[in-house]
Amino acid sequence: MNGEWLERLQSLCERFSHLGIGADLAALSLIELWGLYCHLSRLVEG
C-alpha cells in the first residue's frame, strides 16, 4: 500500500509540475508527503 500512494504522488507532482513541487520531494518527511498527496488528490477531484 505504501508504494502505491507514493507512486501516485509522483504522478500527481508530474501533473502539477507548474507548481514546482517535484524538486523538493526528497526533502519532505513522510507526514509532509502524505499531506501533499492529500492536497493534490483534492485538486484532481475538483
- Item | Chi angles and distances behind the side-chain contact (heavy atoms from CB on, under 4.5 Å) call for L43, R15 | CA-CA 11 Å; L43 289 177; R15 181 173 177 178; over 6 Å; no
- Roughly how far apart are H39 NE2 and W34 CH2, rounded to 0.5 Å? 14.5 Å
- Rounded to the nearest 0.5 Å, the CG atom of L33 sits from the SG atom of C13 at a distance of 8.5 Å
- Task: State the CD1-CD distance between I21 and Q10, to the nearest 0.5 angstrom.
- Result: 11.0 Å
- Is it true that a side-chain atom of E7 and a backbone atom of E4 form a donor plus acceptor pair closer than 3.5 Å? no
- Option among L9, I31, L12 that satisfies the side chain to side chain contact (heavy atoms under 4.5 Å, CB included) test with L36: L9
- Are E32 and S29 close enough, and set up right, to give a side chain to side chain donor-acceptor pair (under 3.5 Å), and what steps lead you there? CA-CA 5 Å; E32 293 167 325; S29 70; 3.3 Å; yes
- Query: Does any non-hydrogen side-chain atom of Y37 lie less than 4.5 Å from one of L6?
  - Reply: no
